[in-house]
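The chains referred to below are lettered A, B, ... by the order of the sequence lines, with proteins before strands, and numbering in each begins at 1. Below, all heavy atoms of this structure are taken into account, side chains as well, without hydrogens, waters or symmetry copies.
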Protein chains: 2
Amino acid sequence: MTTRNQLTRNQNLVMHALDSAAGPLSAYTILDRLRDDGFRAPLQVYRALEKLQEMGLVHRLESINAFVACAHPDCHSHDMIAFAICEKCGKVDEFSDDVVQERLGAWTARHRFKPSKTTVEIRGHCASCSADG
Amino acid sequence: MTTRNQLTRNQNLVMHALDSAAGPLSAYTILDRLRDDGFRAPLQVYRALEKLQEMGLVHRLESINAFVACAHPDCHSHDMIAFAICEKCGKVDEFSDDVVQERLGAWTARHRFKPSKTTVEIRGHCASCSADG
DNA sequence: GCGTATAATGTTATGACATTACATCGACAT
DNA sequence: ATGTCGATGTAATGTCATAACATTATACGC
């Protein structure tokens with residue numbers, strides 16, 4: 001976690017907000033939670049999030065416009081990360097699948113498509129939430 | 001294409017706007033293009049889009065907040081559809097992959113996760129755009 | 001035809017998410 | 001001290017999506 005120590009104040013605050021959260025947070029929710037720390041404008045959050053994403057410490061969930069702390073020690077080891085997002089409780093499971101990665105890679109290679117970012121997000125109900133009803 | 005004939009006026013207009021477009025359109029772009037046809041408010045577009053998506057005639061691209069006409073005669077034949085989206089020219093390729101579907105299905109089954117919607121979107125540069133530079 | 005239930009539409013306002021533009025500050029090398 | 005570069009502060013604006021409520025169209029049993 002060498003990168004972790006080089007974070008700026010704002011990046012640290014945002015990272016901590018995500019770490020302490022049970023699930024993903026929207027940028028504006030993060031903003032609200034950091035009001036007492038001096039945050040005033042969305043841009044302070046978005047700028048920090050951008051850097052944290054570059055460092056692989058945070059992921060953006062495209063399908064729900066929210067951000068989540070990376071669950072793995074170092075996410076840079078995978079190109080593609082998949083998410084299972086519970087629409088009831090908000091819990092997010094992060095996983096990677098080499099076969100999926102391979103297949104998508106095969107498609108892009110075959111079509112000479114140069115991928116820059118791949119999104120795999122499954123929304124639904126997690127085990128405990130679908131048990132509830 | 002039986003469903004196609006049962007579309008309402010608004011649904012028809014939105015469908016036609018997407019059909020005539022080279023690539024995906026945002027809801028507000030659709031709205032602008034339908035001003036002359038009497039469209040005034042975003043909701044007219046969003047309501048039509050919602051129905052068209054239910055019928056499988058239109059897909060929403062989560063990662064770019066845009067909508068695209070389905071490329072296949074009947075998309076209901078697949079649970080999961082993947083998209084390759086060119087960030088330069090906007091071209092979208094739609095495909096499905098049984099192996100990917102299988103693997104994601106295996107993961108959700110193993111974790112007793114009940115999926116409702118799955119998003120697979122690859123952003124990058126298409127063949128012709130990456131050739132350009 | 002007539003009443004009625006249901007779906008679709010029109011309109012205004014508002015909520016939610018994200019970026020542009022520009023000024024300032026701090027660390028650091030020259 | 002000064003130029004440079006990255007981070008920050010702030011206001012304004014742009015973009016995407018839905019809530020709430022009134023009205024109109026359509027289908028269907030009688």
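- A nucleotide of DNA chain D counts as in contact with chain B when one of its atoms lies under 4.0 Å from a heavy atom; the first and last such, 5' to 3', are D:dC16 to D:dA20.
- Under a 3.5 Å cut-off, the side chain of A:Glu50 and the backbone N or O of A:Arg47 do not form any donor-acceptor pair.
- Two residues are said to be in side-chain contact when any heavy atoms from C-beta on lie closer than 4.5 Å; A:Arg103 and A:Val99 meet this criterion.
- A 4.5 Å side-chain heavy-atom check between B:Trp107 and A:Asp97 finds every atom pair outside the cut-off.
- One interatomic measurement links the two molecules: NZ of B:Lys51 to P of C:dT6, which rounds to 14 Å at whole-angstrom precision.
- In this structure, B:Thr8 reaches the C:dT9 phosphate: one of its side-chain N or O atoms is under 4.0 Å from OP1 or OP2.
- Between the C1' atom of C:dA8 and the CD atom of B:Gln11 lies a distance of 8 Å, rounded to the nearest Å.
- In this entry the distance linking CG of B:Asn10 with P of C:dA7 reads 17 Å, nearest Å.
- Closest of all the heavy-atom pairs between B:Pro24 and B:Ile64 is CG-CD1, 4.0 Å.
- Between B:Ile30 and B:Ala17, the closest heavy-atom pair is CG2-CB, 4.3 Å.
- With hydrogens and angles disregarded, a donor-acceptor distance shorter than 3.5 Å links the side chain of B:Glu121 to the backbone of B:Glu62.
- Shortest non-hydrogen contact noted between B:Leu18 and B:Phe67 is CD2-O, 3.4 Å.
- Considering only heavy atoms from C-beta on, B:Ser128 stays 4.5 Å or farther from B:Cys89 through its side chain.
- Here the P atom of nucleotide C:dA16 and the CG atom of A:Leu25 are 15 Å apart, to the nearest Å.
- B:Arg35 places its CZ atom 13 Å from the C1' atom of C:dT11, with the value rounded to the nearest Å.
- If you take CZ of B:Phe39 and P of C:dA8, they are 14 Å apart, rounded to a whole angstrom.
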Problem set entry | Nucleic acid footprint by protein, nucleotides 17-23 of chain C - heavy-atom cut-off 4.0 Å, B for base, S for sugar-phosphate alone | BBBBB--
